[in-house]
Amino acid sequence: MSSKRALVTGGAGFLGSHLCDGLLGEGYSVVVVDSLLTGRHANLEHLRNEAAFEFIEKDICEPFDVGKVDYVFHFASPASPVDYTVHGIPTLRVGSLGTFNALEVALKYNSKYLVSSTSECYGDPLEHPQKETYWGNVNSIGPRSVYDEAKRFTESVTMAYHRYRKVDTRIVRIFNTYGPRMQLNDGRVVPNFMKQALRGEPLTVYGTGSQTRSFCYVSDEVDGFIRLAKSDEHLPVNIGNPNEFTILECARHVINVTGSKSRITYEPLPQDDPKQRCPDITKARQLLGWEPKINLETGLRMSLDYFRKTVAEESAKK
Ligand SMILES: NC(=O)c1ccc[n+]([C@@H]2O[C@H](COP(=O)([O-])OP(=O)(O)OC[C@H]3O[C@@H](n4cnc5c(N)ncnc54)[C@H](O)[C@@H]3O)[C@@H](O)[C@H]2O)c1
């Protein structure tokens, strides 16, 4: 794959920027197209003088052309509950129009294409753990539907371009991922707990805290994306960490890793909050030889410096 050119839509975001690092590390040249709706220049600052790297600020809901690329990695979309709640309509637009436009680039240049889908396609699952063959339990009109249904539509358009236009597509269903460059205030569990613990504030647990999540460290996740991109699998593949933790256990890990004196407080569960979410990664293991290597405690320790610095910067602004 070396000396090939890859497009990363949404490359200024959390996952996209780590993917850029991974691709550059494998010898690709990389062009990012990002509107900076939820992404940040700071996530790509370290690549500023990298000759093999290029950044284009653009909304991919409008047709775009970056010249010939061998790979299209379509990662543009608000992803955190806070972001897709604020940007409900842009989330639906980028999942639909943006996906058409990214697929048109792949069609034009005969590029391999990989799109970031999500475990949210399974909704509040009635099957546990979730295999790729499970069709999901999604509320199409609830507050989360702007994201869940956008992503289900993204998958549908992707399969249509594969079936009708013969585009060489791949779909990754990403489960909760964490690590450096996450936004501090994005409402997701790890940054929330890290921020509260580092400030010595109580950690907020919604419901009883018995709902479970699985947390994948970002470098494991990127390894999965690149392996899938090199494969010939067109149907969705789960990439996530199958080790399940209750939210309460996660809170205790964060308190332990940060050495915080924070206590835990409880608030009511938000609407449609899934009770359980855990990937079955048998397919990724068999097909890609992939499985996560970094456990939650290690990943939290590896993220600690970033969160410490970001919390300090935020308090300095106040
Ligand atoms: N982080 C996770 O745990 C997770 C889980 C499941 C799926 N995903 C998927 O992975 C992808 C990246 O997520 P993330 O966590 O890095 O989110 P993020 O918000 O950090 O990054 C998304 C990027 O897309 C850009 N973007 C949004 N709309 C755009 C548009 N119209 N045109 C151009 N750029 C646009 C944003 O500016 C941002 O840089 C998303 O598609 C998301 O649905 C992420």
Side-chain angles (χ1 to χ4, degrees), residues 7-22 31-44 55-64 66 72-102 105 114-122 130 144 146-155 158 171-191 213-218 220-222 224-225 228 236-241 274 277 279 292 299 303:
L7 161 66
V8 181
T9 74
F14 163 51
L15 289 182
S17 63
H18 283 281
L19 175 61
C20 291
D21 294 341
V31 53
V32 162
V33 178
D34 196 300
S35 64
L36 299 177
L37 179 69
T38 56
R40 291 173 297 154
H41 276 305
N43 290 340
L44 298 172
F55 175 80
I56 299 171
E57 187 173 339
K58 195 180 267 298
D59 182 344
I60 64 153
C61 294
E62 300 300 326
F64 66 100
V66 294
V72 173
F73 291 87
H74 176 32
F75 275 66
S77 170
S80 75
V82 166
D83 284 337
Y84 66 67
T85 303
V86 173
H87 303 295
I89 291 173
T91 301
L92 285 159
R93 281 173 60 82
V94 75
S96 51
L97 300 172
T99 301
F100 275 108
N101 290 332
V105 172
L114 181 146
V115 65
S116 59
S117 185
T118 168
S119 56
E120 302 292 337
C121 286
Y122 300 120
Q130 292 85 52
R144 303 172 75 104
V146 289
Y147 183 65
D148 302 2
E149 295 297 355
K151 287 294 180 178
R152 286 164 71 94
F153 185 75
T154 296
E155 290 197 0
T158 298
I171 298 172
V172 55
R173 288 199 183 135
I174 304 169
F175 284 66
N176 271 341
T177 307
Y178 68 100
R181 301 185 201 149
M182 288 187 94
Q183 295 175 65
L184 207 52
N185 298 312
D186 77 0
R188 289 191 266 207
V189 178
V190 169
R213 293 290 184 275
S214 61
F215 302 95
C216 191
Y217 189 70
V218 64
D220 280 334
E221 197 71 35
V222 168
F225 303 158
L228 180 58
V237 179
N238 290 337
I239 297 286
N241 194 318
R277 200 49 92 46
S303 313

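Every number for a ligand or one of its atoms is a count from 1 in the order of the listing. The analysis underlying the following values was restricted to heavy atoms, covering all of them including side chains, and did not include hydrogens, waters or symmetry mates.
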Please classify the [X] to ligand 1 contact at 4.0 Å (heavy-atom distances, strictly less than): side chain, backbone, both or neither.
{"X": "Y147", "answer": "side chain"}
{"X": "R188", "answer": "side chain"}
{"X": "K151", "answer": "side chain"}
{"X": "S117", "answer": "backbone"}

Out of I239, N43, I174, whose heavy atom sits nearest atom 6 (C) of ligand 1? I174

On a heavy-atom basis, I'd like to know which of A79, S77, A76 is closest to atom 22 (C) of ligand 1. S77

R152/E155 ion pair, N-O < 4.0 Å: no

S119 to ligand 1, any heavy atom closer than 4.0 Å: no

Using heavy atoms and a 4.0 Å limit, tell me yes or no: is G98 in contact with ligand 1? no

For [X] and [Y], which heavy atoms make the closest approach, and how far apart are they?
{"X": "A12", "Y": "F55", "value": "CB-CE1, 4.1 Å"}
{"X": "Y178", "Y": "F14", "value": "C-CZ, 3.6 Å"}
{"X": "N101", "Y": "I60", "value": "ND2-O, 2.8 Å"}

For N43, the side-chain contact (heavy atoms from CB on, under 4.5 Å) test, sequence neighbours excluded, returns S17, R40, R181

